[in-house]
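By convention in this document, chain letters (A, B, ...) are assigned in the order of the sequence lines, proteins followed by strands, and residues within each chain are numbered from 1.
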Amino acid sequence: MKFYNLLIDWYLSNKRELPWRETKNPYYIWLSEIMLQQTKVTQGLPYYLKFVEEFTTVKDLANASEEKVLKLWQGLGYYSRARSLHFTAKYVSDTLKGEFPDNYKDLKKLKGVGDYTASAIASFCFKEPVAVVDGNVYRVLSRVFGIDLAINSTEGIKKFKELAQSLIDVKRPGLYNQAIMEFGALHCKPKNPYCISCPFQVRCKAFQQGLIDKLPVKLKKTKVVTKNFNYLVVLAKDQTVIQQRKGSGIWENLYQFPLIETEIEISKEELLDNAEFKAYVKDDFKNINLFNKKPIKHVLSHRKLMVKFWVIQLEEIPDNFKKNDFRVIDNSDLKLYPVPVLIQKFLENFNFTK
DNA sequence: AATTCGGGGCA
DNA sequence: TGCCCAGAATT
């Protein structure tokens, strides 16, 4: 029995019903693939449904503002995906007259579309026999073929791609690609895979050698850096101050409160003595209160943030918040701006409309 | 070749 | 807690 036949047989009797499996429209496939990068299906699904409802065509997406796209993306993470999504929608809509490229080579030129996504779209929509290699594929192939090459090494990436390509069903490339990913996601899971009922049990090198929990091999990630954030929640006459994050870094183009970053956690007295703080509000504040007694710990993949929200009551918004990239807005308009989950949780707890 | 991008879920 | 997830872009 060929590898792809075992895989496809398993898939046809075990696959989930997912909305993007009901179409071959490259716009919807592209949208789903971008959303699912480094994201579990259960997490991405509600966002996909929101997007297809809001943006029926690539032109609808192209005509939206980036702010609206980011707002709908809010909470899904890796926001560069949303910015690239919007950029590519405009490019496809304007330059390509609404028609997506119909092959791997040209798809890969699109911003935000790498090897995996180009392979997925090309095979699903256009039957091009190019193998996908995502986290699921690395896991299935490393186990079945007993390969201990690191999946995030240059050599590993190349070898696994070649192996996947050699295994593809050239007559049914889309089906094969779907099948191997679904098998990895549902059956050959990272932890507690179902080896007992596995169609590859007799030929799986990892199972035979008791190496299931040793594969795949992955080079260890860099350590998480801790940062201390102090957000200034300035309140005056039902207005507040926000700022859009610019440049490269986390949460690019999302909004937040004026931020003072410090080397260590600081007290109220230390904040009042902070040069940046004094430049903003001078000494005309009525009162200042720490919203959260203990810093809120917000963990990202490569960063740990220790966050304090300082609520500052004022008669007037200071002039220094009326220039540069600060924006004075009504509290009731806060909900319109795309913000990180960290900020969103604060807004919900603080109950801004009250 | 290594790092940087989020957030949630799970053992 | 540490690891993983339908990765890609940047350094």
Notebook entry, point to check: Within less than 4.0 Å of OP1 or OP2 of C:dT10, is there a side-chain N or O belonging to A:Ser248?
Noted result: no

Item checked: A:Glu33 and A:Tyr116: side chain donor to acceptor below 3.5 Å -> yes

Note to self: Taking 5.5 Å and 30° as the limits, would you call A:Tyr79 and the base of B:dC5 a stacked pair?
What the structure shows: no

Item checked: Distance-only polar pair, side chains of A:Lys161 and A:Ser119, donor-acceptor under 3.5 Å -> yes

Item checked: Nucleotide nearest A:Asp115 when distance is taken to its side chain, options C:dC4, C:dA8, C:dA9 -> C:dA8

Check: For A:Arg81 and A:Gln37, does a side-chain donor sit closer than 3.5 Å to a side-chain acceptor?
Finding: no

Note to self: If you take the centroid of each ring, where Trp contributes its six-membered ring, are A:Tyr280 and A:Phe321 closer together than 6.0 Å?
What the structure shows: yes

Notebook entry, point to check: A:Gln38 side chain N/O closer than 4.0 Å to the phosphate oxygens (OP1, OP2) of C:dG7?
Noted result: yes

Margin query: Please classify the nucleic acid contact of A:Gly44 as base, sugar-phosphate, or nothing, using heavy-atom distances under 4.0 Å.
Written below: nothing

Margin query: With no hydrogens and no angle check, just 3.5 Å: does a side-chain donor-acceptor pair link A:Asp325 and A:Gln243?
Written below: yes

Note to self: Which nucleotide wins on minimum distance to the side chain of A:Lys191, given the candidates B:dC10, B:dG7, B:dG6?
What the structure shows: B:dC10

Checklist line | A:Gly77 vs A:Lys220, nearer the 5' end of DNA chain B by closest nucleotide | finding: A:Lys220

Checklist line | Whichever of A:Ala118 and A:Lys40 has its nearest DNA chain C nucleotide further upstream toward 5' | finding: A:Lys40

Checklist line | C1' gap between B:dG8 and C:dA9, integer Å | finding: 23 Å

Note to self: Heavy atoms only, 4.0 Å cut-off, all strands: where does A:Glu252 land among base, sugar-phosphate and nothing?
What the structure shows: nothing

Next item on the list: Under 4.0 Å between any heavy atoms, over every strand shown, what does A:Val113 touch: base, sugar-phosphate, or nothing? Just pick one.
Entry: sugar-phosphate

Next item on the list: Assign A:Ser153 to base, sugar-phosphate, or nothing according to its heavy-atom contacts below 4.0 angstrom with the strands shown.
Entry: nothing

Next item on the list: Could you check whether A:Trp20 gets within reach of a base, just the sugar-phosphate, or nothing at all, counting any heavy atom under 4.0 Å?
Entry: base

Check: Of A:Val341 and A:Leu219, whose closest DNA chain B nucleotide lies nearer the 5' terminus?
Finding: A:Leu219

Next item on the list: Check every strand shown and say whether A:Arg21 touches a base, only sugar-phosphate, or nothing at a heavy-atom separation below 4.0 Å.
Entry: base

Check: Which part of the nucleic acid, if any, lies within contact of A:Gly184, taking any heavy atom under 4.0 Å across all strands shown: a base, the sugar-phosphate backbone alone, or nothing?
Finding: nothing

Notebook entry, point to check: If you measure from the P atom in B:dG6 to the same atom in C:dT11, how many Å do you get, rounded?
Noted result: 15 Å

Margin query: Between the base of B:dG6 and the side chain of A:Thr39, is one N or O donor paired with an acceptor at under 3.5 angstrom?
Written below: yes

Note to self: I want to check one thing: is the phosphate of B:dC5, taken as OP1 and OP2, less than 4.0 Å away from some side-chain N or O of A:Arg303?
What the structure shows: yes

Next item on the list: Would you tell me whether A:Lys71 and A:Gln74 have side-chain atoms, one donor and one acceptor, within less than 3.5 Å of each other?
Entry: yes

Margin query: Using a 4.0 Å heavy-atom cut-off, does A:Ile34 contact any base of the nucleic acid, only the sugar-phosphate backbone, or nothing at all?
Written below: nothing

Note to self: Taking the P atom in each of C:dT1 and B:dC5, what is the distance between them to the nearest angstrom?
What the structure shows: 24 Å

Margin query: Measuring only the P atom in each nucleotide, how far is C:dA6 from B:dA11? A whole number of Å is fine.
Written below: 15 Å

Next item on the list: Answer yes or no: does a side-chain N or O of A:Arg139 lie under 4.0 Å from OP1 or OP2 of C:dC5?
Entry: yes

Notebook entry, point to check: Toward the 5' end of DNA chain C, which comes first, A:Ser84 or A:Arg16, by nearest nucleotide?
Noted result: A:Arg16

